[in-house]
Every structure is written in structure tokens, then in C-alpha cells.
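Structure record follows, encoded as C-alpha cells.
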Amino acid sequence: MYAIYERNSRFGKPGAVNFVDHENGGATVELTSQRGSATVELFGGLVTSWRPKGSEEVLWLSNTGSFVDGRARSPRGGIPVCWPWFADHPTDPSLPAHGFARKSAWEPVHTDATTGDVRLTLRTDVAVVGHVPWPHRAEVSLDVVLGATLDVRLTTRNVGNAPFDLTQALHTYFRVGDVTRIEIKGLDAVTYLDKLDAFASKQQVGAITIDREVDRIYLGTTGAIDLVDPVLQRTIRVTRSGSTSAVVWNPWIAKAARMGDVVDASGADAYLRMVCIEAANAGPDVVSIPPGGTHTLATELEVK
Ligand code: TA6
């Protein structure tokens, strides 16, 4: 962990990359380019905001929780890094859902603003004490590239001498005008596992619309997914690489109330203003990485 202000001296780029240090050792990274702005929290490697030039905020973020007080839970939302497992741990339910990367300290290792895009690369030390027992040796890094799109890339390198399996996701929370009026296109006829029906295998018919809790892992899909939002009058295109599965989730009323942090500045009916479309390696889409091998899971967001 760097001393306060050291990050800016080592990785800051005037007018492009600025670190705002927190007293708990974390920091907010402010990315600015001619094409928009974004913010990333070092705690958890969490992208919390993306505002393309001329557009409103793309990501949804709860207004509960805190990044400054390390004892509090981070706000829900942004693009949580789910690693080295997606959802519940496959064998030990006592371990944190979605792994431990989103509860870890990340630090900058590289920044660049020479191409018109602004790039930030973060790394977290998997071996740092406090991580749950994960019997493998890996380097994991997160690239955030702010250009005309927002490109987020999660790369895992196996630096041990035995292969290991991963499930993971870039768990993007999108801000929408009214979730009951959106359509999610690009998954027609795709098979999905319905978490709300004991992971029964079903087939998507037409565009996804939401009028109840939805929690699905779409399988064998590598194409673009479009979030069509008539209220905010925009379509957000989600493309993925290193992934053949995608997760679509909205908690709806009861689960949102149980969670308690599905709240935003507009109030407690925030479930109406968010939907998750996640680039994933989830369900049977398990990634096996041999010694010395790498895998990158990426999601690129574009406002059309
Ligand atoms: O990606 C969907 C999901 O697995 C849902 O089942 C819900 O649990 C959501 O993730 C949020 O998980 P979290 O651990 O962030 O509360």
C-alpha cells in the first residue's frame, strides 16, 4: 500500500488520472478524457461511475455504504469484481459470495493517457493474509480503459505449479429510467439457468423484460447484448470476451427490501432504476488455467 499522495506522484497524470486518498488507506481514482469520465475505488477494484461525454451516468450505485470508512460495507453497485468464484462458493457456504477480490485492497501498477484514451491498471495481492483460504498462486489485474467506450478487463495469471479453475464475473449494475420499461436484446433463444427455479434449464423467448425478480445465467452466448432504455432514451451495448455466459439480475421488491442497500438518491424503490448484465464465467462456463497460463474476462460498454 502506498503512502498518501505517493500514488499521484507515481501514477497520476495531470488532467487524466487523479488519486483522491482516503484516510483508511484506500483511494478514489478519477479518470478524465475528452470522451468522458469515470471513477474507480481501489478498495475492491470497483468501477463506480462512467459518464460518456454528452450522456448521463451509465452505472447504478447505491447511496448507502462507504468507501472512506473501511469498516463499513462498500456501496452496492458499479462493476463489482466477482473472483475467484461466482455467487456461492461451490463447496463452502461459509465463504463470501462472489469471492474475495471485491473485498480486497487493489493498488495501481500502471497508468497511461498518451493515446487519447485513459488507462488504469490495478493489481491485488491474492496471497495477502486475510483472504479466505484459496490454495492457489495467482496474479490478478484489472484494466479500466476510458475511451469512447468503457473497457474493463480482468486478467488472471497462474503463477503456481498446478492448474486451477475459476468462475468469475464483472457484475455490472446499469442505471435505467424504469426497469419495467426496458428490453434486453441479444439473448433470444439462448438457454439459461433460472436461479429462482432451482437452476432449471430454460430457453429465452424474445427480448428480456422485467416485471418480477430475475436471476439467470445465460449459457453458450458470446454475442452483444443491448440494454434498450426508452425512459433514458438510450441503448447500452454490452460486449464480452473470454466469456460464454452472461448473468441478468434484478432483485425486484422483496429481495431488494431484504438486502437493504438497494437504495439510491431517488429513494428505496431503487430496484426500478437498476439492472445487472454481467460478463461472466459462471455455471458450467468454468475457466481452467494451467501453470503459467492466463485468462482475461472483459466487458466493453458503449452508449448508442
Ligand atoms: O449476479 C446475481 C447474483 O448472484 C444474485 O443472485 C444476487 O445475489 C447478486 O448476485 C448480488 O450478490 P451480492 O453478494 O453482491 O449481494
Side-chain angles (χ1 to χ4, degrees), residues 41 43-48 59-67 72-104 131-132 152 154 166-176 179 182 184 187 190 192-202 204 208 210 212-219 221 225 227 238 240 243-264 268 270-287 297 299 301:
E41 288 296 329
F43 182 72
L46 182 68
V47 180
T48 50
L59 303 181
W60 180 87
L61 190 70
S62 166
N63 65 345
T64 62
S66 165
F67 295 109
R73 174 189 164 104
S74 300
R76 178 180 296 280
I79 307 180
V81 174
C82 302
W83 186 96
W85 60 83
F86 174 78
D88 294 334
H89 186 276
T91 57
D92 183 348
S94 71
L95 296 178
H98 293 324
F100 49 78
R102 66 174 176 165
K103 300 177 186 291
S104 300
H131 283 161
V132 295
V152 181
L154 178 64
L166 279 184
T167 56
Q168 56 187 347
L170 293 168
H171 194 299
T172 308
Y173 285 73
F174 290 99
R175 176 174 164 269
V176 298
V179 79
I182 67 169
I184 299 173
L187 294 168
V190 174
Y192 65 89
L193 303 180
D194 185 348
K195 182 174 179 178
L196 305 175
D197 186 9
F199 290 102
S201 178
K202 301 176 181 178
Q204 181 61 38
I208 300 168
I210 294 177
R212 69 197 70 188
E213 183 180 353
V214 168
D215 198 343
R216 303 171 183 171
I217 303 174
Y218 286 83
L219 302 176
T221 165
I225 300 171
L227 168 55
V238 181
R240 296 164 291 132
S243 158
T244 63
S245 51
V247 177
V248 175
W249 174 62
N250 179 278
W252 204 242
I253 301 168
K255 184 160 188 176
R258 290 196 303 271
M259 287 180 145
D261 58 359
V262 184
V263 182
D264 59 21
Y271 71 93
L272 288 170
R273 291 180 292 279
M274 52 78 71
V275 67
C276 288
I277 302 173
E278 308 163 32
N281 298 119
D285 178 14
V286 176
V287 172
L297 170 66
T299 191
L301 314 181

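Each ligand, and each atom within it, is numbered from 1 in the order the structure gives.
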With respect to W249, determine whether any N or O atom, backbone or side chain, lies less than 3.5 Å from an N or O atom of ligand 1. no
Looking at atom 5 (C) of ligand 1, what's its closest protein heavy atom, distance included? D215 OD2, 3.2 Å
What part of K255, side chain from CB on, backbone N/CA/C/O, both or neither, has a heavy atom under 4.0 Å from ligand 1? side chain
Nearest 0.5 angstrom please: M274 CE to L59 CG, how far? 11.5 Å
Candidate list V262, I208, I210, V176, test side-chain contact (heavy atoms from CB on, under 4.5 Å), partner N250, passing option: I210
V247 heavy atoms, cut-off 4.0 Å: which ligand 1 atoms fall inside? 1 (O)
Considering only heavy atoms of M259, which atoms of ligand 1 have at least one such atom less than 4.0 Å away? 16 (O)
Determine the interplanar angle of the F86 and H98 rings, folded into 0 to 90°, and report it as parallel if under 30°, tilted if 30 to 60°, perpendicular if over 60°. tilted
For the residue pair Y218 and Y192, does the interplanar ring angle fall in the parallel (under 30°), tilted (30 to 60°) or perpendicular (over 60°) class? tilted
Do NZ/NE/NH1/NH2 and the carboxylate oxygens of R175 and D264 come within less than 4.0 Å? no
Please report which non-hydrogen protein atom sits nearest to atom 12 (O) of ligand 1, along with the residue it belongs to and the distance in Å to one decimal place. H98 NE2, 3.4 Å
Have a look at ligand 1 and work out which part of R102, if any, has a heavy atom under 4.0 Å from it: side chain, backbone, both or neither. side chain
Which protein heavy atom lies closest to atom 16 (O) of ligand 1, and at what distance to 0.1 Å? R76 NH2, 3.0 Å
Please check this pair: side chain of D261 against backbone of P75, looking for a donor-acceptor N/O pair closer than 3.5 Å. no
Under 4.0 Å to a heavy atom of E278 - the qualifying atoms of ligand 1, by number: 1 (O), 2 (C)
Is it true that a side-chain atom of R240 and a backbone atom of S245 form a donor plus acceptor pair closer than 3.5 Å? yes
